[in-house]
Amino acid sequence: MTFAPACSDDDGNGPSCPVACTVPATAEIGSELTITGQGFDAAAEIALRDDSGVESKLENPQITATSYTGTVPLTLTPGSYTVVLYQEGIWELGSVQLTMAADKDCPVLSITVPETIRLNEELEIAGAGFASDMQILLENTTDQLRTELTVSLSGVGVTCTIPEGVSAGLYNVILKQGAYEWKIAESVPAAVYKRLKSVTANVTSEYKGATEEVLAQHLFEMVKGTDDEMTEEEATATAKMYFDWGVFDSSTTTTAYTFTYDTQGNPASSTKKGLYDEEVSDWLAFTVNGNQLSATNKDFEEGTDGIRSFVWTLDNGRIEASSIFYAKRDVNYLWAYDAQGLWSGVNYRSDNSAYLTLTYNAGKFLGNGSNTMFTYTDTPQQNAIFGVDMAKLFLGIQTINIIEDDHLAAICLNLAGTSSTALPATVMEMDGSTPTITYTFDNDGYVTGANWQITGGKDMYFQLFDSNSKTSYTLVYE
């Protein structure tokens, strides 16, 4: 180690410096600087003075009869500094060249950054050792543009306020103190947070060439020679029944769900209008108890084996288990997720056998089990990260007896793991057609509409009559 000579007073005349010492030629910012010599007293203070005359005292001093050791403040920057002693006057001991450590350990321990960032809410970062002079920055991974957050110390770490104008995207989270900085989280997705207020699905259908005579002949031929064989008269009566029911009338069916939330953001209540419902009715009423979210089905019909109520057990906003109370039985389930946090299914708790299986390809949702319902382009459109998983929503509303009420509610409330933000390009309808889906978005990137239509398809009941249909989804967020 090389040393710079010391000491001198400011004018070279008068009293002598009370210590005889040597100053190291270099020191690292944030590390200890030790000045060896004789004559230091317990009240001595040493500061580092930059070229503009600003002084910064060494921190956490340790003084002995033969040395003075203190920590170089992290707020300083590399360069040459004058070492100044305050003891029986003011004395310049020499100069030191400050450098940055090649691999400085982060002074904050056990840092936890959320997996997603809500741009319109405070960002809470946990950790031990945060100081008031530290900065938190968001670094956009696309253009490396940085935004400084307003930081205040909290009981468990820091609370950060994100300024307006930060766009949705992927961000590195940077902790900065003086000349040092540490990347404490990488590529964290960020977006304005919204929750679903309502979803409405309308399906308009019209049929061409649908007559009782054609249907009667089709029914007669379809079951001819089977155990269900019917006479021509029976076939005619059955066909008339379908037409009396209005099955082949041009019509629009509406399915709709609404949700409300309490002041803490927990689900509070919901309404529904199912595919065969004539009116909107109360649906689920929620109650929070610790890590459990319970729901009573207000739409339960006595005499059916539907769901009376259920209880979800949550961990970090994700359903891990559920207990479903049907009219005549109770069943316990475990919810499964893949390595990416995508919901992969529901298993019976009793033997871990599969009750519902959901499949993906490279993070894109395909359907249930081996049924592929959706296709994607090579570069699919993307929903906002806090938006409802649209493909699963289509599955929950368009299909019957695949997604149960509690599954659909979990999809709408975004409690079933990480949403697949990739938007499907096509959907497989019940007649086997695969129409292209078009989407509309709000200013924050949330899907607010989805539409597709089938021209020249076949009816969903017998694949007999030509039909045209239009399907439209409208989503409202708050």
Side-chain angles (χ1 to χ4, degrees), residues 195-196 199 201 255-262 266-277 280-338 341-359 365 367-369 371 373 388-389 391-420:
R195 56 200 180 192
L196 185 67
V199 55
T255 304
Y257 300 87
T258 68
F259 299 90
T260 65
Y261 304 84
D262 63 22
N266 299 308
S269 64
S270 62
T271 66
K272 69 175 289 190
K273 180 186 180 301
L275 184 61
Y276 303 109
D277 297 333
V280 175
S281 60
D282 290 336
W283 185 29
L284 301 174
F286 295 94
T287 304
V288 179
N289 183 14
N291 69 333
Q292 291 190 326
L293 183 60
S294 304
T296 300
N297 184 6
K298 298 283 190 177
D299 196 47
F300 173 76
E301 295 182 13
E302 293 292 346
T304 70
D305 192 31
I307 296 176
R308 285 183 180 272
S309 63
F310 58 83
V311 178
W312 290 328
T313 300
L314 286 80
D315 181 17
N316 196 28
R318 186 176 82 175
I319 301 170
E320 299 294 337
S322 60
S323 296
I324 311 299
F325 305 102
Y326 298 93
K328 302 176 182 178
R329 56 199 170 96
D330 301 339
V331 185
N332 297 315
Y333 300 98
L334 296 174
W335 292 45
Y337 302 90
D338 66 12
L342 297 167
W343 183 30
S344 58
V346 177
N347 299 329
Y348 290 101
R349 182 187 286 272
S350 57
D351 59 5
N352 207 37
S353 60
Y355 175 69
L356 173 69
T357 301
L358 305 176
T359 56
F365 181 63
N368 66 297
N371 299 318
M373 292 186 60
V388 170
D389 192 318
K392 294 192 183 77
L393 183 68
F394 296 151
L395 178 69
I397 292 180
Q398 296 290 120
T399 59
I400 301 173
N401 298 329
I402 294 178
I403 296 294
E404 294 204 20
D405 276 0
D406 69 311
H407 303 153
L408 178 58
I411 293 167
C412 292
L413 298 171
N414 254 341
L415 296 176
T418 303
S419 290
S420 177

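Since this is a predicted model, take the numbers as computed values, not measurements.
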Might you point out which heavy atoms bring [X] and [Y] nearest each other, and give the distance in Å?
{"X": "Asp351", "Y": "Ser353", "result": "OD1-OG, 2.7 Å"}
{"X": "Cys412", "Y": "Val199", "result": "SG-CG1, 4.5 Å"}
{"X": "Gly369", "Y": "Thr359", "result": "O-CG2, 3.0 Å"}
{"X": "Asn347", "Y": "Ala354", "result": "OD1-CA, 3.4 Å"}
{"X": "Phe365", "Y": "Leu395", "result": "CZ-CD2, 3.7 Å"}

Check your understanding: What about the rings of Phe325 and Phe310, do their centers lie closer together than 6.0 Å?
Key -> no
Mind checking the [atom1]-[atom2] spacing from [X] to [Y]? Nearest 0.5 Å is all I need.
{"X": "Lys328", "Y": "Arg308", "atom1": "NZ", "atom2": "CZ", "value": "10.5 Å"}
{"X": "Leu358", "Y": "Lys392", "atom1": "CG", "atom2": "NZ", "value": "6.5 Å"}
{"X": "Leu415", "Y": "Glu320", "atom1": "CG", "atom2": "CD", "value": "11.5 Å"}
{"X": "Asp389", "Y": "Thr418", "atom1": "CG", "atom2": "OG1", "value": "10.0 Å"}
{"X": "Asp330", "Y": "Asn332", "atom1": "CG", "atom2": "CG", "value": "7.5 Å"}
{"X": "Thr258", "Y": "Lys272", "atom1": "OG1", "atom2": "NZ", "value": "12.0 Å"}

Can you find a pair of side-chain heavy atoms, one from [X] and one from [Y], that are under 4.5 Å apart?
{"X": "Leu356", "Y": "Glu404", "answer": "no"}
{"X": "Trp343", "Y": "Ile411", "answer": "yes"}
{"X": "Asn297", "Y": "Leu284", "answer": "yes"}
{"X": "Leu196", "Y": "Tyr257", "answer": "no"}
{"X": "Ser419", "Y": "Val388", "answer": "no"}
{"X": "Ile397", "Y": "Leu408", "answer": "yes"}
{"X": "Tyr261", "Y": "Phe286", "answer": "no"}
{"X": "Asp406", "Y": "Ile307", "answer": "yes"}

Review point. Is there a donor-acceptor pair under 3.5 Å between the side chain of Asp262 and the backbone N or O of Ala268?
Key: no
Review point. Does Arg318 count as lying over the ring of Tyr337, i.e. NZ or CZ under 6.0 Å from the six-ring centre, within 45 degrees of the axis?
Key: yes
Tell me yes or no: between the side chains of [X] and [Y], is some donor less than 3.5 Å from an acceptor?
{"X": "Thr287", "Y": "Ser294", "value": "no"}
{"X": "Ser269", "Y": "Asp282", "value": "no"}
{"X": "Asp299", "Y": "Ser281", "value": "yes"}

Exercise for review: Among Trp335, Tyr333, Trp312, find the residue that satisfies the side chain to side chain donor-acceptor pair (under 3.5 Å) test when tested with Ser322.
Suggested key: Trp335
Practice item. Could you give me the CA-CA distance, side-chain angles and deciding distance for Leu334 and Arg349, then say whether side chain to side chain contact (heavy atoms under 4.5 Å, CB included) is met? Key: CA-CA 5 Å; Leu334 296 174; Arg349 182 187 286 272; 3.5 Å; yes
